[in-house]
Amino acid sequence: MILHPAISSLPAWRYRPGLPVALSLVLFVLLLGLAFFPGLFTSLDPLLADPTQTLRAPSAQHWFGTDHLGRDLYARCVYGAALSLQATAIAVVIALLAGTLLGGIAGWFGGAADRVLAVLVEVLMAIPALLLAMAIVTALGFGTLEIAIAVGLSSVAVFARLARGEVLRWRSRVFVEAAQVVGVGSWTNLCRHVLPHAAGPLLALAALEFASAVLAVSALSFLGFGAPPPQPEWGLLIAEGRNYMVAAWWYTTLPGLVVAGVVLATQQLGRGLQRLQGEHP
Amino acid sequence: MHTSAFWRLAQALLVLWAAFSLSFAILYALPGDPVGILLAQGGEPGTADPAQVAELRARYHLDGSLWQQYGGALWRLLHLDLGVSLQTGKPVAAALAAALPATLALAFAALLIAVPLGIGVALAAHQVRRRPLQAALHNAPALVVSLPTFWVGLLLLQLFSFRLHWLPAMGDHGLASLVLPAVTLALPCAAMIAQVLGRSIASVSQQPFVQALRSKGVGRWSLLWRHILHNASIPLLSLTGTLLGNLLAGAVVTETVFSRDGVGRLAQAAVASQDIAVVQGVVLLAAALYVLTNLLTDLLYPLLDPRIRQGSRP
């Protein structure tokens, strides 16, 4: 293709993940811990209000300070991780499965299916993901699961495109044709012989998409389409702090820093995985 | 040339039609009754009489089978009629037109910041040779992309409005109140431009002609300006459509954070009140913007890149 000039043959060097990827991996494991065992990371109750402790600055007792009702913000961030990361994980799984299915069918069967997918992908590219997710949320209603589904459906296109490309790359290989000649059915051939080869790049993309899904989920939650108020969803947490920006800088700043850290770590992980696949980022 | 332009136009119309169908399928075919929502908001639920419901359905074109609704909506769209807002009862097209100038001003201001900033960072990352600075310039775009836009907006507000009192915090009062929203909106776009251009510069500068020029003794700056940048800037053109879409989506968050009126705020309020006609209007506006921009850039490519003009289209 003319628009993207081919890179002249680079010396083949093995990519070895560096310190940032290792740190990101540690942070990611820590996050999974937060999401599944929040009780291990804080002994405080995220929903318990304490009228004597409202809007306290960060201290040894309240690491992230307290909010306008005297709830501990660190505990709310930790328990919010469960909600926000589960929503993100659901979104990524939906996008991965739907995208692989659509892209796999289009790449494998070609013809009309491929042309329909081309139009669908073009449309999904044409509508900004956030707006599409907002449209889906309008139809589904508000809540954590609803925004997870909306974010997942709105990021199907990238997965479909990658899956289609990978299937096209592998379907003409000798072993796939051999299986076809021997009489293996189309679907079996696709699922057993082609898709396993596409799994690596797709999973690397999933890790990268995890980062943008965290952003999308928290943005929708910030706009007020997620779980209702007492819940400590990350976006909602930051939105609640908006009214106390003069009195309590930590209220919006520290939870936002957590979100940014998560996004950065998963992004690094995704990049590392992609390079391990031998792709150019 | 003319036939290819014709096909490109047909394809653009096809994508627009598909965008309309997709948004219609999402918003109208899914369970959830807009008239029911409207009546539930208006008074006590369960008290609406059937005649009133039927009249409301007729007014908002929600009567008849789904296919009739779809056909009617498509026919009205061809006349640039986007339907009637369920909340205000006014035409959606008028509401969009009223909200558009504020968003356009914001997006234009953001572009004025994002384009020079993005290009500047990409060029600097290519030219700077001091290790720590170069690493910082290389990694800055990825870092900025991973920051939640709404959080950046709130941080800027906190610092420049509440702490330093340099700029007004909320609302829309002239140029000063445009600065913080524009910067908030510009940062992710600048990062995107810097990433794409940086990658493109890196791949162009590995081409043989660059090595040939370098070995002939062309200086670093003139090599970049006169030879690399020319070739490397072409992928930026194909980014325009996505960039404008991102600006519109970013406007939803930015206008909410800074309490500015505009298309983004309209969209946020419409989703919050489940006003499906307005939501569809905003979605269609975004899709039309993207399709038109891509159509324009595709027609511009041959003018900017002689290789496409002469050879077959890729």
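Every chain is numbered from 1 and lettered A, B, ... according to where its sequence line falls, protein lines coming before strand lines.
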Side chain, backbone, both or neither of B:Leu143 within contact of chain A (heavy atoms, under 4.5 Å): both
Nearest heavy-atom contact between B:Val271 and A:Met134 is CG2-CE, 3.6 Å
Which pair of non-hydrogen atoms, one from A:Leu130 and one from B:Ala249, has the smallest distance, and what is that distance? CD2-O, 3.4 Å
Any donor-acceptor N/O pair, B:Gln274 side chain to A:Ala139 backbone, under 3.5 Å: no
Of all the heavy-atom pairs spanning A:Pro128 and B:Gly245, show the shortest one and how long it is. CG-O, 3.4 Å
Are side-chain heavy atoms of B:Val283 and A:Leu132 found at a separation under 4.5 Å? no
Got more than 12 heavy atoms from elsewhere within 6.0 Å of CZ, B:Arg265? yes
Give a yes or no answer on whether the side chain of B:Trp151 reaches the backbone of A:Thr252 with a donor-acceptor pair at less than 3.5 Å. yes
Pick whichever of B:Ser23, B:Ala270, B:Ala142 has the most heavy-atom pairs under 4.5 Å with chain A. B:Ala142
Quick check for you: among A:Ala219, A:Ala129, A:Gly256, which has the greatest number of heavy-atom pairs under 4.5 Å with chain B? A:Gly256
Using every non-hydrogen atom in the two residues, find where A:Ala135 and B:Ile26 come nearest and quote the distance to one decimal. O-CG2, 3.8 Å
Largest heavy-atom contact set with chain A, pairs under 4.5 Å, which of B:Leu155, B:Thr256, B:Leu14: B:Thr256
Between CG of A:Leu215 and CG of B:Leu147, what distance do you get to the nearest 0.5 Å? 8.5 Å
Examine whether an atom of B:Val152 lies under 4.5 Å from a heavy atom of chain A, and if so say whether it belongs to the side chain, the backbone or both; otherwise answer neither. neither
Indicate yes or no: at least one non-hydrogen side-chain atom of A:Leu124 is less than 4.5 angstrom from one of B:Leu22. yes
Does the side chain of A:Gln267 reach to within under 4.5 Å of the side chain of B:Val145, using non-hydrogen atoms? yes
Would you say the side-chain atoms of A:Arg242 pair up with the backbone N or O of B:Leu154, donor to acceptor, closer than 3.5 Å? no
Under 4.5 Å, counting heavy-atom pairs only, tell me which of B:Val291, B:Val253, B:Leu237, B:Val252 racks up the most with chain A. B:Val252
Give me the atom names and distance for the closest heavy-atom approach of B:Ser146 to A:Leu264. OG-CD1, 3.0 Å
Heavy-atom contact with chain A under 4.5 Å, split by part of B:Ala288: neither
Can you tell which part of B:Val15 gets under 4.5 Å to a heavy atom of chain A, answering side chain, backbone, both or neither? both
So which of A:Ser218, A:Ala216, A:Ala239, A:Pro255 has the biggest tally of heavy-atom pairs under 4.5 Å with chain B? A:Ser218
If you define the side chain from C-beta out and look only at heavy atoms, does anything of A:Ile127 sit under 4.5 Å from B:Tyr290? no
